[in-house]
Amino acid sequence: MKRLFFLLIIISSAFRAEAKKMVYPLEVIAGSADLIVIGEISAVKNNSYSFKIRETLKGKVYTTISVNMFKEWTCDSRFGKPKKGEKLCLFLKNVNYNWEIINGSSGEIQISNNSITLGNEEYKHIDYQFNPYTLPITEFKNGISAFCKCYKLIGEYGIYDKPSYFIQIANNKQVADFKKSSKFSAWLFQKMSIYTIKKNKIAG
């Protein structure tokens with residue numbers, strides 16, 4: 001009986017370990033997003049909230065949208081319950097005419113004191129590194145906007161039988177300008193070295 005009890009514990013622990021969230025890197029979330037916006041929650045419903053958009057970094061321009069909340073679980077919980085006035089940067093996909101947050105908490109980033117913190121990312125520079133990576137919102141939004149004008153993700157990230165890749169949608173000069181525009185942009189550019197990148201016809 002004791003052996004059976006311990007066997008069940010081991011099996012249960014194995015299932016919990018396998019259930020760990022697959023965290024998408026920031027460049028994948030940005031490259032696959034249909035819409036990236038900065039704004040604040042204007043109303044909260046049961047499983048969604050209304051979001052008043054202040055700035056659009058990628059995609060069609062809207063004034064207010066309805067965003068479906070992601071389903072929380074052990075390995076992916078929100079930093080707190082959504083509330084009116086909460087300032088966020090959202091990375092969204094249009095799924096059956098509904099706005100869905102990409103990769104759960106990874107695609108819903110809180111803005112506080114005009115700064116943004118990338119809790120799942122480790123910033124590495126030639127001389128130093130630190131985690132989490134916190135930077136001014138202006139540097140973040142300018143870097144993300146420029147990145148999305150240079151690269152687009154094709155395919156589904158993490159699906160091994162259907163490998164994804166990036167397309168360079170800007171010319172080489174625009175990519176070089178993006179790279180040197182800020183430390184954050186240089187960090188994003190450096191991260192792209194691990195991916196397959198194809199050029200479209202206008203990129204030279």
Side-chain angles (χ1 to χ4, degrees), residues 23-42 49-65 67 70 78-80 82-94 99-153 166 168-193 195 197 203:
V23 178
Y24 292 5
L26 180 62
E27 63 275 12
V28 167
I29 297 172
S32 61
D34 296 319
L35 186 68
I36 304 175
V37 290
I38 287 175
E40 63 185 57
I41 295 175
S42 55
Y49 53 73
S50 296
F51 193 73
K52 188 173 184 180
I53 297 170
R54 302 294 185 186
E55 295 182 70
T56 300
L57 308 184
K58 179 183 180 181
K60 188 176 178 181
V61 176
Y62 300 91
T63 303
T64 302
I65 58 174
V67 178
F70 66 91
R78 204 175 186 273
F79 42 80
K83 57 185 179 181
K84 183 178 179 180
E86 188 173 63
K87 295 178 173 59
L88 302 167
C89 178
L90 301 177
F91 295 76
L92 305 168
K93 289 286 284 186
N94 191 323
W99 290 114
E100 305 277 356
I101 300 167
I102 299 174
N103 199 221
S105 59
S106 304
E108 185 188 46
I109 307 176
Q110 190 176 36
I111 300 170
S112 179
N113 298 320
N114 290 317
S115 296
I116 204 158
T117 298
L118 306 176
N120 295 321
E121 299 281 356
E122 182 176 356
Y123 180 62
K124 294 182 180 179
H125 195 260
I126 295 173
D127 301 317
Y128 56 89
Q129 66 183 59
F130 54 89
N131 189 359
Y133 182 12
T134 301
L135 69 158
I137 186 60
T138 300
E139 184 178 354
F140 177 82
K141 68 185 183 183
N142 289 344
I144 291 294
S145 180
F147 174 87
C148 292
K149 292 174 183 175
C150 293
Y151 302 104
K152 180 179 180 180
L153 184 72
F166 280 89
Q168 180 183 315
I169 55 178
N171 61 43
N172 290 341
K173 182 181 183 306
Q174 290 170 316
V175 172
D177 289 342
F178 156 70
K179 176 185 176 182
K180 63 185 180 182
S181 61
S182 70
K183 288 183 177 180
F184 174 62
S185 294
W187 174 73
L188 276 177
F189 178 82
Q190 183 183 36
K191 283 164 68 66
M192 294 300 292
S193 63
Y195 301 99
I197 301 176

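What you see below is based on every heavy atom in this structure, not just the backbone, and it leaves out hydrogens, waters and symmetry mates.
No option in Q110, R54, E40 other than E40 meets the side chain to side chain contact (heavy atoms under 4.5 Å, CB included) test with K87. Results of the side chain to side chain contact (heavy atoms under 4.5 Å, CB included) test with F91 over N103, I101, I109 single out I109 as the only residue that passes. Exactly one of T64, L90, T63 qualifies for a side chain to side chain contact (heavy atoms under 4.5 Å, CB included) with F51. That residue is L90.
I169 approaches C148 most closely through the heavy-atom pair CD1-O, 3.4 Å. The heavy-atom pair separating Q168 from Y151 by the smallest distance is CA-CD2, 4.2 Å. Between I102 and A33, the shortest heavy-atom contact is CD1-CA, 3.6 Å. Closest of all the heavy-atom pairs between P82 and E86 is CA-OE1, 3.8 Å. Here the closest non-hydrogen pair linking F147 and G31 is CE2-N, 4.1 Å. Counting all heavy atoms, side chain and backbone alike, G143 lies closest to L188 at O-CD1, 4.2 Å.
For the pair D34/L92, no side-chain contact is recorded, criterion being any heavy-atom separation below 4.5 Å from C-beta on. Inter-residue side-chain proximity for I65 and I53 is flagged as met; some heavy-atom pair is nearer than 4.5 Å. Between I41 and V67 there is no side-chain heavy-atom pair separated by less than 4.5 Å. Here the side chains of Y62 and V37 are not in contact, with every heavy-atom distance at 4.5 Å or above. Taking the side chain as every heavy atom from C-beta outward, F178 and K149 never approach each other to under 4.5 Å. Contact check for L88 versus Y49: side-chain heavy atoms found under the 4.5 Å cut-off. N171 places a side-chain heavy atom less than 4.5 Å from the side chain of Q174.
F140 and F184 have tilted rings, their planes meeting at an angle from 30° to 60° on a 0 to 90° scale.
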Inset, instruction - Let me see the working for L26 and I144 under side chain to side chain contact (heavy atoms under 4.5 Å, CB included), right down to the final yes or no. - result: CA-CA 9 Å; L26 180 62; I144 291 294; 4.1 Å; yes
Legend entry - CA sep, side-chain torsions, deciding dist, call: W99, N94, side chain to side chain contact (heavy atoms under 4.5 Å, CB included): CA-CA 5 Å; W99 290 114; N94 191 323; 3.7 Å; yes
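No donor-acceptor distance shorter than 3.5 angstrom exists from the side chain of K141 to the backbone of L57, with no hydrogens or angles considered. Of the possible polar contacts, none joining the N113 side chain to the S115 backbone as a donor-acceptor pair under 3.5 Å is found. Formation of a donor-acceptor pair under 3.5 Å by the S145 side chain with backbone atoms of N142 is not found in this model.
Cation-pi geometry between K183 and W187 is not met: the NZ or CZ atom fails to fall both under 6.0 Å from the ring centre and inside 45° of the normal.
Taking CD1 from I137 and CG from N114, the interatomic distance works out to 8.0 Å, rounded to the nearest 0.5 Å.
Using modelled atom types and a 3.5 Å distance limit, the side chains of Y195 and E27 yield a donor-acceptor pair.
Heavy atoms from other residues, nucleotides or ligands lying under 6.0 Å from NZ of K52 number 12 at most. Shown here is K152, whose NZ atom has no more than 12 heavy atoms of other residues, nucleotides or ligands within 6.0 Å.
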